[in-house]
Amino acid sequence: MALHPQVVTLLEKMAAANLKPIVEMTPPEARVQFDTMAATRDIERTRVGTIEEIIVPGPVDDMTMRLYRPEGVLDGGLPLLVFFHGGGHVIGSLASHDEVARVMCAGAECMVASVDYRLAPEHKFPAAIVDAFAATQWLASNAASIGADPNAVAIGGDSAGANIAAVVALMARDAGGPALVTQHLVYPVADYTCKSASYKTYAVGHGPVTEAGMLWFQGHYLRDPEDIDDWRASPLKAPDLSGLPPALVITAECDVLHDEGVAFAEAMAVAGTPVEHIDWPGMIHGFFSFAPFLDEGKAAQRLACERLRTVFAAATN
């Protein structure tokens, strides 16, 4: 299918902004451009009740989390979404995904804990994974103290954040907890081989995430080529995908990551994990965050929030 007309308009705006290709930047330069683009995109912010940053002990250093609470909440017991931002494990921040976190908080009527995990290349694989699992453990163990319900903890993220969420779900299963009620994976990085057919089909001309760009992320994130086959980097390579929390997997048709996201959803389903996979036609990588410009991005956000509300209602009743 051809690119959606609104995507074409968005890409024209990006071209006019003269954004520098990520492969021509250093990681610090790319982070500045990514956060600046997000701030320009998210001029209007979704209202939530409160936003609070907390610092908790991490596996190496203290970690920062940003807690979002919905409006009208007078007591505790909120369902909780542990959220990991995207950015190829190299860029992205609490700021770049502030609006997505707000949308999920308000739309799903839950607390969102956005985790500031360590980034590569300063902290290569598996630093982000180690941080993410520790953060999830802390949040589940201390849920009551922050006003959350320990029996209604979900996990999710987009792109590299979805990769992290999927891996944490596997680690939690293997460790016997924390118990997670669902995993929400938006166009996940599922296989760092970076060789599926969609890498060639959508290599260039379909948004800022390109084949070359993904290889740039791969080179900065992984320590060596052997890490590609580690399921903590490539969850599609996990030997067992059974017994995981029910998954919502959202993919974008015109995305280099499309095929691996589809393959991951199918592999989990074959293993017996309940999966709802929705493939968005005519959309590109990042469309979920680009909801201010894309009606289908707004629709995907609404669907994700609706699914979370349903799962949380079942967990708390």
Side-chain angles (χ1 to χ4, degrees), residues 3-25 27-48 51 53 66 68 81 83-108 112 114-117 119 156-162 184-189 202 204-210 213-214 216-217 250-257 280 282-305:
L3 288 172
H4 190 284
Q6 288 185 336
V7 172
V8 173
T9 300
L10 174 61
L11 294 181
E12 290 171 349
K13 290 181 179 179
M14 288 183 175
N18 292 318
L19 297 174
K20 198 171 183 179
I22 198 166
V23 296
E24 297 178 10
M25 291 185 284
E29 290 170 341
R31 290 169 193 153
V32 171
Q33 178 170 283
F34 191 67
D35 282 4
T36 301
M37 181 176 66
T40 302
R41 176 192 67 213
D42 301 330
I43 295 176
E44 296 184 8
R45 304 282 171 139
T46 299
R47 288 186 57 178
V48 296
I51 300 174
E53 288 195 1
R66 186 175 290 180
Y68 299 78
L81 170 65
F83 181 80
F84 304 104
H85 68 77
H89 302 94
V90 177
I91 63 177
S93 64
L94 299 181
S96 70
H97 284 65
D98 173 71
E99 174 58 11
V100 169
R102 288 168 176 263
V103 166
M104 301 306 291
C105 172
V112 174
S114 186
V115 179
D116 190 22
Y117 57 88
L119 297 176
D158 68 316
S159 194
H184 275 211
L185 312 177
V186 181
Y187 30 75
V189 178
Y202 305 111
V204 294
H206 296 83
V209 177
T210 63
M214 281 304 303
W216 184 90
F217 287 128
I250 291 175
T251 53
E253 180 195 17
C254 305
D255 177 8
V256 293
L257 300 183
W280 240 274
M283 290 294 111
I284 60 172
H285 193 86
F287 85 99
F288 196 86
S289 294
F290 278 104
F293 302 105
L294 302 173
D295 291 339
E296 295 302 314
K298 295 183 182 71
Q301 290 181 345
R302 287 194 299 269
L303 181 139
C305 290

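Keep in mind that what you see is a predicted model, and the values were worked out from it rather than measured.
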So, the side chain of [X] versus the backbone of [Y]: is there a donor-acceptor pair under 3.5 Å, distance only?
X: Asp116; Y: Leu94; result: no
X: Gln33; Y: Lys20; result: yes
X: Tyr202; Y: Gly207; result: no
X: Gln301; Y: Met104; result: no
X: Glu253; Y: Gly282; result: yes
X: Glu296; Y: Trp280; result: no
X: Arg31; Y: Val90; result: yes

Applying salt bridge (Lys or Arg N to Asp or Glu O under 4.0 Å) as the test, list every pair that has at least one member in residues 33-46; sequence neighbours left out.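 Of all non-adjacent pairs touching residues 33-46, those that pass salt bridge (Lys or Arg N to Asp or Glu O under 4.0 Å) are Arg45-Asp98.
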Which heavy atom of [X] sits nearest a heavy atom of [Y], and at what distance?
X: Thr46; Y: Ala106; result: CG2-CB, 3.8 Å
X: Ala291; Y: Gly297; result: CB-C, 3.7 Å
X: Cys105; Y: Val48; result: SG-CG1, 3.9 Å
X: Phe83; Y: Val100; result: CZ-CG1, 3.9 Å
X: Ala160; Y: Gly87; result: CB-N, 4.1 Å

Taking atom [atom1] of [X] and atom [atom2] of [Y], what is their separation to the nearest 0.5 Å?
X: Ser289; Y: Tyr187; atom1: OG; atom2: OH; answer: 4.5 Å
X: Lys13; Y: Phe293; atom1: NZ; atom2: CZ; answer: 5.5 Å
X: Ile22; Y: Met214; atom1: CD1; atom2: CE; answer: 10.0 Å
X: Leu19; Y: Glu24; atom1: CG; atom2: CD; answer: 11.5 Å

For Thr210, give me all partners under side chain to side chain donor-acceptor pair (under 3.5 Å), at least two apart in sequence or on another chain.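 With sequence neighbours excluded, Thr210 shows a side chain to side chain donor-acceptor pair (under 3.5 Å) to no residue whatsoever.
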Hey, mind stepping through Met14 and Phe290 against side chain to side chain contact (heavy atoms under 4.5 Å, CB included) and telling me if it holds? CA-CA 12 Å; Met14 288 183 175; Phe290 278 104; 3.0 Å; yes
Just jot down the ring-ring contact (aromatic ring centres under 6.0 Å, His included) partners of His184, sequence neighbours excluded, or say none.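 Result, ring-ring contact (aromatic ring centres under 6.0 Å, His included) vs His184: none returned.
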Among residues at least two apart in sequence or on other chains, which ones pass ring-ring contact (aromatic ring centres under 6.0 Å, His included) with Tyr68?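 Here no residue qualifies.
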Does Asp295 reach the side chain of Lys298, with side-chain heavy atoms less than 4.5 Å apart?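 In short, these two side chains touch, coming nearer than 4.5 Å.
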Hey, mind stepping through Ile91 and Phe217 against side chain to side chain contact (heavy atoms under 4.5 Å, CB included) and telling me if it holds? CA-CA 9 Å; Ile91 63 177; Phe217 287 128; 4.1 Å; yes
I would like to know whether Phe288 and Leu294 meet side chain to side chain contact (heavy atoms under 4.5 Å, CB included); could you show each step before the answer? CA-CA 8 Å; Phe288 196 86; Leu294 302 173; over 6 Å; no
Between His97 and Phe84, is the side chain to side chain contact (heavy atoms under 4.5 Å, CB included) condition met? List the steps. CA-CA 9 Å; His97 284 65; Phe84 304 104; over 6 Å; no
Residues forming a salt bridge (Lys or Arg N to Asp or Glu O under 4.0 Å) with Glu53, sequence neighbours excluded: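 If we apply the salt bridge (Lys or Arg N to Asp or Glu O under 4.0 Å) test to Glu53, skipping adjacent residues, the hits are Arg66.
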Aromatic ring pairing His85/Tyr117, orientation class (parallel under 30°, perpendicular over 60°, tilted between):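 Geometry flag for Tyr117 against His85: parallel rings.
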Those residues that, when tested against Ile284, pass side chain to side chain contact (heavy atoms under 4.5 Å, CB included) (two or more places apart):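 So Ile284 forms a side chain to side chain contact (heavy atoms under 4.5 Å, CB included) with Leu3, Val7, Leu11, His206, Cys254.
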Is it the case that the side chains of His285 and Ser159 hold a donor-acceptor pair, with the cut-off being a distance below 3.5 Å and no angle test?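 There is such a pair (donor and acceptor under 3.5 Å, judged by atom type) between the side chains of Ser159 and His285.
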